[in-house]
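See below for the structure under consideration.
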Amino acid sequence: MAFYCRFLTLSSLLLPLFLTAMIEHSFSALVKQQPLVLKYHNGDLLKGNITVNLIWYGHFSPVQRSIIVDFVHSLSFSRTPPPSAASWWRTTAMYHGAGGSSTLVVGKQILDENYSFGKNLKSYDLKALASKSGRGNSVNVILTATDVAVDGFCMSCGSHGSVSGRTRITYTWVGNSESQCPGQCAWPFHQPVYGPQTPPLVAPNGDVGIDGMIINLATVLAGAVTNPFKNGYFQGPAAAPLEAVSACTGIFGSGSYPGYPGQVLVDKITGASYNAHGVNGRKYLLPAMWNPQTNQCSTLV
């Protein structure tokens, strides 16, 4: 039996909202963020040392792979300047459950550049790919290249799920949307399909597709540890839940509103936008995460 959870694209969430975006902005200084509650459904969370196995499906350059590997390392590396990717990840430790925090460690990396399941993947293909790597207290991350189509891609930018067996497999999937739907899955580094057409931000690692994948990978990783088996933290129906980050879609900095990511940091040399420091001098733009202590979506800046 499998559990499969997708999060909606930003554009699908913005469509009913963008007509009022500018009105909301006019009153944003007067309106406080309303409390948001993700109910805990008493299920298991992923805690302790978690091995993150990376399955590269299709062609990724060494530079592209290093950006994502560095991101996973950054989530549990505390010796980076603030605001840091690690401080963003520490919010997951506030979610109840035995074991306290979740420390991510990069494990196996599998390169599948021969498209062993073809270039059009179904949900059962993702489960089969996930089964190629580790079990137990691990998350198997499937990353699909620009020329790989996945069922529901663009309506959804990523997903996480689990497969039952002697030991449960927890996995996530994120695709590179650069040539398929950057307006849905690489915003705010690309103009959105719907809503206010504000200029896109400059990607901090110089790759719109990969920097978009970082945002979506952050989203599904947070969902995988706080709601791995569809009985953790979420709001709404279990089959289509709002989770730790997907409940805060489109928020990257203070003062955000539909179509505007909020105030973020800007690199003085490159002009790139970011809100988190990582290992090896990396910079990333990470989405807001729901904070259980404040019942609000919290940003790093």
Side-chain angles (χ1 to χ4, degrees), residues 6-36 83 88 152-158 174-220 222-223 235-236 240 242-267 270-276 283-291 296-301:
R6 294 180 180 272
F7 67 92
L8 295 174
T9 63
L10 176 70
S11 58
S12 64
L13 294 172
L14 287 181
L15 183 57
L17 297 173
F18 82 91
L19 292 175
T20 60
M22 297 311 295
I23 296 174
E24 291 180 8
H25 177 51
S26 300
F27 292 96
S28 61
L30 303 176
V31 179
K32 291 183 179 180
Q33 187 180 150
Q34 295 300 307
L36 171 68
W88 178 85
F153 192 21
C154 298
M155 286 299 293
S156 161
C157 300
V174 171
N176 188 333
S177 66
E178 184 174 16
S179 63
Q180 297 186 51
C181 48
Q184 286 100 323
C185 295
W187 185 87
F189 305 124
H190 190 282
Q191 285 188 304
V193 174
Y194 305 107
Q197 297 298 299
T198 53
L201 304 182
V202 178
N205 294 286
D207 189 317
V208 169
I210 296 298
D211 279 301
M213 289 183 78
I214 294 295
I215 293 172
N216 300 324
L217 179 56
T219 301
V220 295
Q235 182 188 89
L242 291 177
E243 298 177 321
V245 176
S246 60
C248 303
T249 297
I251 303 172
F252 296 89
S254 60
S256 66
Y257 58 89
Y260 172 61
Q263 296 179 3
V264 297
L265 303 176
V266 178
D267 188 287
T270 65
S273 295
Y274 69 100
N275 60 10
K283 294 175 180 176
Y284 299 105
L285 186 68
L286 300 182
M289 189 187 305
W290 181 71
N291 186 317
Q296 292 188 337
C297 294
S298 296
T299 60
L300 286 171
V301 295

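- With sequence neighbours left out, the ring-ring contact (aromatic ring centres under 6.0 Å, His included) criterion links F189 to no other residue.
- Remark: D207 engages Q64 in a side chain to side chain donor-acceptor pair (under 3.5 Å) (not counting sequence neighbours).
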- Intermediate values then yes/no, side-chain contact (heavy atoms from CB on, under 4.5 Å), L286 and T299: CA-CA 8 Å; L286 300 182; T299 60; over 6 Å; no
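- Side chains of V245 and M289 form a contact here, defined as non-hydrogen atoms less than 4.5 Å apart.
- Across P196 and P258, no two heavy atoms sit closer than the pair CG-O, 4.1 Å.
- Side-chain contact between L265 and P83: present, with at least one pair of heavy atoms (C-beta onward) separated by less than 4.5 Å.
- Side-chain atoms of L201 and L285, non-hydrogen and from C-beta on, do get closer than 4.5 Å to each other.
- Across all their heavy atoms, P192 and W187 have their closest contact at CD-CD1, 3.5 Å.
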- Stepwise side-chain contact (heavy atoms from CB on, under 4.5 Å) check, Q235 with L36: CA-CA 9 Å; Q235 182 188 89; L36 171 68; 3.5 Å; yes
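- Side chain of Q197 to main chain of G195: a donor-acceptor pair is present (N/O by atom type, distance under 3.5 Å, no hydrogens or angles).
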- Message: Quick one, Q184 with S177, criterion side-chain contact (heavy atoms from CB on, under 4.5 Å). Give me CA distance, side-chain angles, the key distance, then yes/no.
- Response: CA-CA 8 Å; Q184 286 100 323; S177 66; over 6 Å; no
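- Contact record, A203 with A272: O-CB, 3.7 Å, taken as the closest heavy-atom pair.
- Checking side-chain atoms of D211 against main-chain N and O of N205 turns up a donor-acceptor pair under 3.5 Å.
- Evaluation of the ring-ring contact (aromatic ring centres under 6.0 Å, His included) rule for W88 yields no partner, not counting sequence neighbours.
- Here the closest heavy-atom approach between residue S256 and residue I251 is recorded as OG-CG2, 3.4 Å.
- Distance check for C185 and C154: the SG atoms are not under the 2.5 Å cut-off.
- Taking both residues in full, the closest heavy atoms of C248 and A288 are given as CB-O, 3.6 Å, listed atom of the first, atom of the second, then distance.
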